J.: 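Dropping a structure here in structure tokens format, bear with me for questions.
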Amino acid sequence: MTKYKVTATKTTTGMQVSAGTRGFEITFDEPGSTNTGMNPVEILLTSFGACQAITAHALANKRNFDLQAFWVTIEGNLDREDVTDGKNVRKFTEIHYQPHLRSGESDEDIKKFLADVAAKCPVENTLIYGTKIIQDGFVKVD
């Protein structure tokens with residue numbers, strides 16, 4: 001098992017949040033705030049697309065699959081959904097994506113390749129199968 005750890009810190013500017021790991025940093029924000037970065041749900045969709053692209057590249061290299069270019073367009077419908085216990089949960093109710101690629105492979109081989117990409121993409125697997133989220137208490141700082 002590989003562990004990943006990030007820290008997200010609310011800045012003093014509008015709704016802006018700075019998040020980072022391993023020396024890299026991303027700025028999150030909201031359009032109605034200072035609009036200095038993507039909002040969290042846009043970054044979730046972006047992470048899905050990036051994971052698809054990275055997985056496609058790695059699989060293509062491993063299998064000697066002709067992949068000359070690859071990108072993904074993604075749309076998510078964020079809404080309130082009624083769940084079984086009567087609560088309304090704000091979440092993506094649907095995510096639609098469309099891979100685009102340049103390849104000399106046959107359509108049938110491309111379909112098989114894309115099915116493998118979907119099956120091996122950790123972000124897609126997390127979105128499809130869910131994950132247990134545990135709050136480990138809290139830290140009160142002075």
Side-chain angles (χ1 to χ4, degrees), residues 1-63 65-105 107-142:
M1 179 184 311
T2 304
K3 268 192 183 178
Y4 292 87
K5 184 176 181 177
V6 301
T7 301
T9 305
K10 171 68 183 73
T11 71
T12 58
T13 304
M15 300 286 287
Q16 191 181 77
V17 171
S18 176
T21 187
R22 299 185 299 112
F24 298 102
E25 198 168 307
I26 297 175
T27 299
F28 294 71
D29 203 359
E30 291 289 334
S33 179
T34 58
N35 200 28
T36 54
M38 290 184 276
N39 69 29
V41 294
E42 291 166 332
I43 289 180
L44 176 70
L45 295 177
T46 302
S47 294
F48 171 57
C51 190
Q52 287 275 313
I54 290 167
T55 303
H57 178 75
L59 281 177
N61 283 347
K62 183 176 181 181
R63 297 180 182 174
F65 182 89
D66 177 34
L67 185 64
Q68 301 161 24
F70 186 91
W71 67 97
V72 184
T73 55
I74 305 144
E75 291 183 355
N77 298 323
L78 189 68
D79 204 355
R80 296 193 189 280
E81 182 175 296
D82 288 328
V83 293
T84 56
D85 62 3
K87 292 182 181 176
N88 285 322
V89 177
R90 186 129 170 99
K91 66 175 203 162
F92 281 116
T93 55
E94 290 184 333
I95 295 174
H96 295 258
Y97 73 102
Q98 188 172 43
H100 301 252
L101 62 152
R102 187 174 309 116
S103 175
E105 303 285 348
D107 287 358
E108 188 61 34
D109 286 342
I110 289 172
K111 287 177 188 176
K112 288 177 187 175
F113 174 75
L114 292 174
D116 285 347
V117 170
K120 294 184 181 344
C121 174
V123 175
E124 182 166 353
N125 286 328
T126 299
L127 292 169
I128 289 173
Y129 300 109
T131 192
K132 189 176 191 176
I133 298 178
I134 302 162
Q135 179 183 342
D136 290 330
F138 66 91
V139 177
K140 184 177 180 181
V141 292
D142 295 320

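Along the sequence shown, residues are numbered consecutively beginning with 1. Just so you know, these numbers come straight off a predicted model, no measurement behind them.
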J.: Which pair of heavy atoms, one from Ile110 and one from Ser103, lies closest together, and at what distance?
T.: CD1-CB, 4.2 Å
J.: So do Leu127 and Phe92 actually touch side chain to side chain, heavy atoms under 4.5 Å?
T.: no
J.: Could you list the donor-acceptor pairs under 3.5 angstrom formed between side-chain atoms of residues 1-10 and any protein atom two or more places apart in sequence or on another chain?
T.:
| residue | atom | partner | partner atom | Å |
| --- | --- | --- | --- | --- |
| Lys10 | NZ | Gly14 | O | 2.6 |

J.: Apply side chain to side chain contact (heavy atoms under 4.5 Å, CB included) to residues Glu124 and Thr55 and explain how you reach the verdict.
T.: CA-CA 11 Å; Glu124 182 166 353; Thr55 303; over 6 Å; no
J.: Which heavy atom of Leu59 sits nearest to which heavy atom of Phe113, and what is that distance?
T.: CB-CE1, 3.7 Å
J.: Under the 3.5 angstrom rule, does the side chain of Glu105 hit a backbone N or O of Asp66 as a donor-acceptor pair?
T.: yes
J.: Under 3.5 Å, side-chain donor or acceptor atoms of residues 24-33 against the rest of the protein: list the pairs with distances, not counting sequence neighbours.
T.:
| residue | atom | partner | partner atom | Å |
| --- | --- | --- | --- | --- |
| Glu25 | OE2 | Ser18 | OG | 2.7 |
| Asp29 | OD1 | Gln16 | N | 3.4 |
| Asp29 | OD1 | Ser33 | OG | 3.2 |
| Asp29 | OD2 | Thr34 | N | 3.3 |
| Asp29 | OD2 | Thr34 | OG1 | 2.2 |
| Asp29 | OD2 | Asn35 | N | 2.8 |
| Asp29 | OD2 | Thr36 | N | 3.1 |
| Asp29 | OD2 | Thr36 | OG1 | 3.0 |
| Ser33 | OG | Met15 | N | 2.7 |

J.: Strictly distance-based, threshold 3.5 Å: is any side-chain N or O of Asp79 a donor or acceptor partner for the main-chain N or O of Thr93?
T.: no
J.: Do you know which two heavy atoms are closest between Leu45 and Glu75, and how far apart they sit?
T.: CD1-C, 4.4 Å
J.: What residues, two or more places apart in sequence or in another chain, satisfy salt bridge (charged side-chain N to carboxylate O under 4.0 Å, His left out) together with Lys91?
T.: Glu81
J.: Strictly by side-chain hydrogen bond (donor to acceptor under 3.5 Å, both in side chains), give each pair with a member in residues 128-138 just once, sequence neighbours left out.
T.: none
J.: Who passes side chain to side chain contact (heavy atoms under 4.5 Å, CB included) against Val72, sequence neighbours left out?
T.: Gln52, Phe70, Ile74, Tyr97
J.: Who passes side chain to side chain contact (heavy atoms under 4.5 Å, CB included) against Ala115, sequence neighbours left out?
T.: none
